[in-house]
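What follows is a short report on a single structure.
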Amino acid sequence: RAEGCTKDSLFDLASRTKVLCTTTLYALAEEKAVLEISEPLKTFFPEFPDPRIKLSHLLDHSSGFPSWLPLHERFHAPSDRGEFDPRATPALARAAYEVEILKSWSAADFEKKVIYSDLGMMLLGWALEFRVGMPIDALFQEWIAGPADLSSLQFLPTSPDVVPTELCPWRGHALRGEVHDDNCYVLGGVAGHAGLFGNVQDVLKAALLWLSAFLGEKTLIVPATARRYFTFTHVPGSVRSLGWDGVARDGTSSAGKLFTASSRGHLGFTGTSLWVDTENNLVVSLLTNRFHPTRSNHKIKSFRPLFHD
């Protein structure tokens, strides 16, 4: 049966979790004096070998951690759920993921180049949970979604109005209301790099918190914090800042050709994107489920810049 979607339909926001949840939580944690992003990663993970790596390096993706690892694969069979148990597996996966991620760090890449990393964002989520003593999804509701009236933005959505994503071979069905990202799913659907769902109105409202703060209005975020998080990283040639991506200088950006060079944004693997233009006082959000029913559709790559233009 064919179904449509409305302005209230929830989409899997994928990596936009990184900015709408994790990066925003870190900005607020600094304002609340809960932590500082200049703190060493080793403070939160004592077994990590190098005290030079700060939380800020994970936010701007200059830490030296690789982009991704197939961490989920040891917890299910290649073509079915195998021994995956939604009650017991997430805790086992959480411990195993941490060990493997910390082992994956490369000193040779530290501050030499930007490597966009899901793994670093997972560590950021756990570090914040350690410091605050709350799961990141509960913290998101208490610090962001509740105060800003963003009721559709949530992990583990219960609404029936969720747009489906991919037909997953090992889960055995089209994913609807469960996170597409396999590493996040095996963790229980909540992580610092993925897991957030929401509708287009609340995504825009969440981004406007950043734009308004950058332009001088006190929102949940104070203006000085917004401007600092939108400042380009120190890594030569990078257009990234703290948590946020920027417009590619070679004209190939998903933001198209009209967003200014100071714009900040982020993509989501499921077919979502978000761009904030601070010079034109503009926020544009695109929500799609380009993975439904399969990820073999790559037309989003040419559609995104056309849409944002």
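Numbering of residues begins at 1 and proceeds along the displayed sequence. Side-chain atoms are counted along with the backbone in the values below, which use heavy atoms only and exclude waters and symmetry mates.
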Is it the case that Asp161 and Ser159 place a side-chain donor and acceptor less than 3.5 Å from each other? no
Within a strict 4.5 Å, meaning less than it, do heavy atoms of the His193 and Cys184 side chains meet? yes
query = Okay, side chain of Glu31, backbone of Ala29: is any donor-acceptor separation there less than 3.5 Å?
reply = no
Within 45 degrees of the axis of the six-membered ring of Trp210 and under 6.0 Å from its centre: does Arg264 put its NZ or CZ there?
no
By side chain to side chain contact (heavy atoms under 4.5 Å, CB included), Ile37 pairs with (sequence neighbours left out) Tyr26, Glu30, Leu55, Ser56, Leu59, Arg228, Tyr229, Leu242
Check your understanding: Under 4.5 Å between any side-chain heavy atoms of Arg304 and Arg290, yes or no?
Key -> no
Side chain of Asp277, backbone of Val283: donor and acceptor closer than 3.5 Å?
no
Output yes when a side-chain donor or acceptor of Trp126 lies under 3.5 Å from a complementary backbone atom of Gly192, and no otherwise.
-> no
- [ ] Could you tell me whether the side chain of Asp60 and the main chain of Thr233 form a donor-acceptor pair under 3.5 Å?
- [x] no
message = So Thr24 and Val19, do their side chains get closer than 4.5 Å, heavy atoms only?
response = no
Q.
Strictly distance-based, threshold 3.5 Å: is any side-chain N or O of Ser263 a donor or acceptor partner for the main-chain N or O of Thr260?
A. yes
* Aromatic Trp244 / basic Lys18 pairing, under 6.0 angstrom, 45° off normal -> no
- Do side-chain atoms of Gln141 reach the backbone of Leu153 as a donor and acceptor pair under 3.5 angstrom? yes
inquiry  = Distance to the ring centre below 6.0 angstrom and angle to the axis at most 45 degrees; does that hold for Arg94 and Tyr97?
reply    = no
>> Side chains of Leu119 and Leu71, heavy atoms from C-beta outward: is any pair under 4.5 Å?
In response: yes
d(Thr17 OG1, Asp181 CG) to nearest 0.5 Å is 8.5 Å
Taken in chain and number order and not counting sequence neighbours, the residues that satisfy side chain to side chain contact (heavy atoms under 4.5 Å, CB included) with Asp182 are His72, Cys168, Trp170, Arg171
Check your understanding: Does the Ser106 side chain pair with the main chain of Gly64, one donor and one acceptor, at a distance under 3.5 Å?
Key -> no
Grouping ILVMFWY residues whenever side-chain heavy atoms fall under 4.5 Å, the cluster of Leu267 otherwise contains Val247, Phe259, Trp275, Leu282, Val284, Leu286, Ile300, Phe303, Phe307
Tell me whether Thr288 contacts the main-chain N or O of Gly271 through its side chain, where contact means a donor paired with an acceptor under 3.5 Å. yes
When you measure from the centre of the six-membered ring of Phe75, is the NZ or CZ of Arg81 closer than 6.0 Å and no more than 45° off the axis?
no
Donor-acceptor pair, Ser253 side chain versus Arg249 backbone, under 3.5 Å? no
Measure the shortest side-chain to side-chain distance between Val132 and Leu35 over non-hydrogen atoms and say whether it is less than 4.5 angstrom.
no
Only residue of Arg16, His308, His266 satisfying side chain to side chain donor-acceptor pair (under 3.5 Å) with Ser273 is His308
Within-4.5 Å side-chain heavy-atom neighbours: Pro223 and Arg227: yes
For Arg52, the salt bridge (Lys or Arg N to Asp or Glu O under 4.0 Å) test, sequence neighbours excluded, returns Asp50
For residues 279-288, the salt bridge (charged side-chain N to carboxylate O under 4.0 Å, His left out) pairs (sequence neighbours left out) are none
Report the C-alpha distance between Phe44 and Phe130 in whole Å, list the side-chain angles of each, state the deciding distance to 0.1 Å, and finish with yes or no for ring-ring contact (aromatic ring centres under 6.0 Å, His included). CA-CA 7 Å; Phe44 303 88; Phe130 290 152; 7.3 Å; no
Worksheet entry | Exercise: do Asn289 and Thr165 side chains pair donor with acceptor under 3.5 Å | no
Across all chains, not counting sequence neighbours, the side chain to side chain contact (heavy atoms under 4.5 Å, CB included) partners of Leu102 are Phe45, Glu47, Phe48, Phe65, Glu98, Leu123
inquiry  = Quick one, Leu167 and His292 - any side-chain contact, counting heavy atoms below 4.5 Å?
reply    = no
Taking Glu178 for the side chain and Tyr185 for the main chain, is one N or O donor matched with an acceptor at less than 3.5 Å? no
Q | Close side-chain approach of Ser151 and Asp202, heavy atoms under 4.5 Å | A | yes
Apply the test side-chain contact (heavy atoms from CB on, under 4.5 Å) to residues His76 and Thr89: give CA-CA distance (whole Å), side-chain angles for both, the deciding distance (0.1 Å), then the verdict.
-> CA-CA 10 Å; His76 62 85; Thr89 300; over 6 Å; no
